[in-house]
Amino acid sequence: MSDLTHGLPLASPQIVLNGVVKQFGANRVIDHLDLSIPQGQKVALIGPSGSGKSTVLRLIKGLEPYQQGRIEVAGAAVPAPARGWRWPGTKKAPVVHRVGMVFQQFNLFPHLTVQENVTEAPLRVLKLDRDEALARAHDYLNLVGLGHKADAYPAQLSGGQQQRVAIARALAMRPQVMLFDEVTSALDPELVGEVLAVIRAIAHEQQMTMLLVTHEMKFAQDIADRVLFMEAGKIVADGTPEEILVHPENERTRRFLNVVEQR
């Protein structure tokens with residue numbers, strides 16, 4: 001399970017973005033973004049729809065090309081020339097084992113059992129032997145409270161359970177960085193709490209760097225060491241949960257939080 005315990009001193013930056021520009025055609029969605037996240041820090045990324053939050057995660061994971069700047073994750077460059085990147089000498093990104101990501105949609109393989117969904121990548125990508133892959137699956141399914149569902153198929157699970165399996169699947173790769181992209185937005189309201197509880201437990205128990213895009217402000221306040229408010233492809237406020245969510249100085253942040261609280 002966890003290699004490190006919560007509370008150790010933060011190390012050198014594990015996620016670094018310098019002057020990153022991302023455009024879709026003429027639409028600039030990330031505008032000369034600078035960001036540095038130390039190892040072990042839990043960061044919540046908030047802001048209005050269309051501000052570029054999910055794109056930041058996809059850039060860090062290496063799922064999108066970008067036009068300018070530099071990105072490093074756990075000391076490895078995430079290359080992306082203007083015409084799109086090609087990983088030299090390999091079909092797989094060098095950061096694939098460094099970064100885990102959980103998406104809004106669960107993206108489980110419907111024809112595989114829960115256990116098979118969790119062991120698939122460790123077996124095929126990490127080339128683990130079957131016993132070790134199964135041991136990891138057992139550990140992480142228990143961590144998310146679904147050890148008893150190992151032989152079930154995704155269609156037999158609730159949306160919240162499927163999302164928890166997706167979290168276990170990402171953790172089974174033992175990433176140094178975990179990215180969560182609005183992981184409760186596709187869930188019925190009564191299922192949101194169970195998924196947030198699992199993420200909260202992971203955040204509190206493991207010294208893993210985490211970047212979470214969320215619209216759950218109370219959750220962000222509970223889980224994060226740091227909160228970033230993003231608008232129009234830029235970070236316009238950066239501070240502790242107390243500074244950003246409770247006593248925001250930035251006027252745009254205040255207006256955003258007022259709207260969220262009224263929903």
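Quick note: numbers below take in every heavy atom, side chains included, and nothing from hydrogens, waters or symmetry partners. The structure displayed is predicted, hence computed values, not measured ones.
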Would you mind reporting whether [Y] and [X] have side-chain heavy atoms less than 4.5 Å apart?
X	Y	value
P122	L128	yes
F180	L57	no
V43	D225	no
R200	D222	yes

Quick check against the 3.5 Å criterion: does [X] have a side-chain atom that pairs as donor or acceptor with the backbone of [Y]?
X	Y	result
D34	G19	yes
Q221	K218	no
K53	G47	yes
E205	I202	no
E132	D129	no
K42	R226	no
R58	E64	no
Q39	Q207	yes
Q163	F103	yes
R98	A74	yes

Hydrophobic cluster identity match, [X] and [Y], side-chain contacts under 4.5 Å:
X	Y	result
V118	L134	no
Y153	F109	no
L211	V16	no
V73	L63	yes
V102	V192	yes

[atom1]-[atom2] distance between [X] and [Y], expressed to the nearest 0.5 angstrom:
X	Y	atom1	atom2	answer
L191	T184	CG	OG1	10.5 Å
R130	T119	CZ	OG1	5.5 Å
L35	L17	CG	CG	5.5 Å
H32	K22	NE2	NZ	14.5 Å
L228	S51	CG	OG	11.0 Å
R169	L171	CZ	CG	11.5 Å

Legend entry - Pairing of R28 and D31 as salt bridge, 4.0 angstrom limit: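 D31 and R28: salt-bridged.
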
Inset, instruction - For the pair R70 and E72, find out whether any cationic side-chain nitrogen is under 4.0 Å from an anionic carboxylate oxygen. - result: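 Salt bridge present between R70 and E72.
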
What heavy-atom pair brings [X] and [Y] nearest, and what distance separates the two atoms?
X	Y	result
M173	A121	SD-CB, 3.5 Å
G147	N142	CA-OD1, 3.3 Å
P48	F256	N-CE1, 3.5 Å
Q162	L157	NE2-O, 3.4 Å
A220	P241	O-CG, 4.4 Å
P248	L257	CG-CD1, 3.9 Å

Inset, instruction - Begin from the C-alpha positions of T253 and E231 and carry the test side chain to side chain contact (heavy atoms under 4.5 Å, CB included) through to its verdict. - result: CA-CA 9 Å; T253 306; E231 185 177 44; over 6 Å; no

Legend entry - Within 6.0 angstrom of E190 CD, more than 12 heavy atoms from elsewhere: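 Above 12, so yes.
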
Inset, instruction - Using a cut-off of 6.0 Å, state whether more than 12 heavy atoms not belonging to Q105 lie near its atom CD. - result: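 For Q105, atom CD is not crowded (no more than 12 foreign heavy atoms under 6.0 Å).
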
Legend entry - Modelled atom types, side-chain donor and acceptor of Q14 and T209, under 3.5 Å: yes

Legend entry - Side chains of R174 and Y140, donor plus acceptor under 3.5 Å: yes

Legend entry - Verdict with supporting geometry, V20 and Q68, side chain to side chain contact (heavy atoms under 4.5 Å, CB included): CA-CA 5 Å; V20 173; Q68 295 181 39; over 6 Å; no

Legend entry - Trace of the side chain to side chain contact (heavy atoms under 4.5 Å, CB included) decision for L33 with I30: CA-CA 6 Å; L33 183 64; I30 303 297; 3.6 Å; yes

Legend entry - Candidate list L179, D181, V213, V227, test side chain to side chain contact (heavy atoms under 4.5 Å, CB included), partner L45, passing option: V213

Inset, instruction - I would like to know whether R254 and F229 meet side chain to side chain contact (heavy atoms under 4.5 Å, CB included); could you show each step before the answer? - result: CA-CA 10 Å; R254 285 200 296 270; F229 178 78; over 6 Å; no

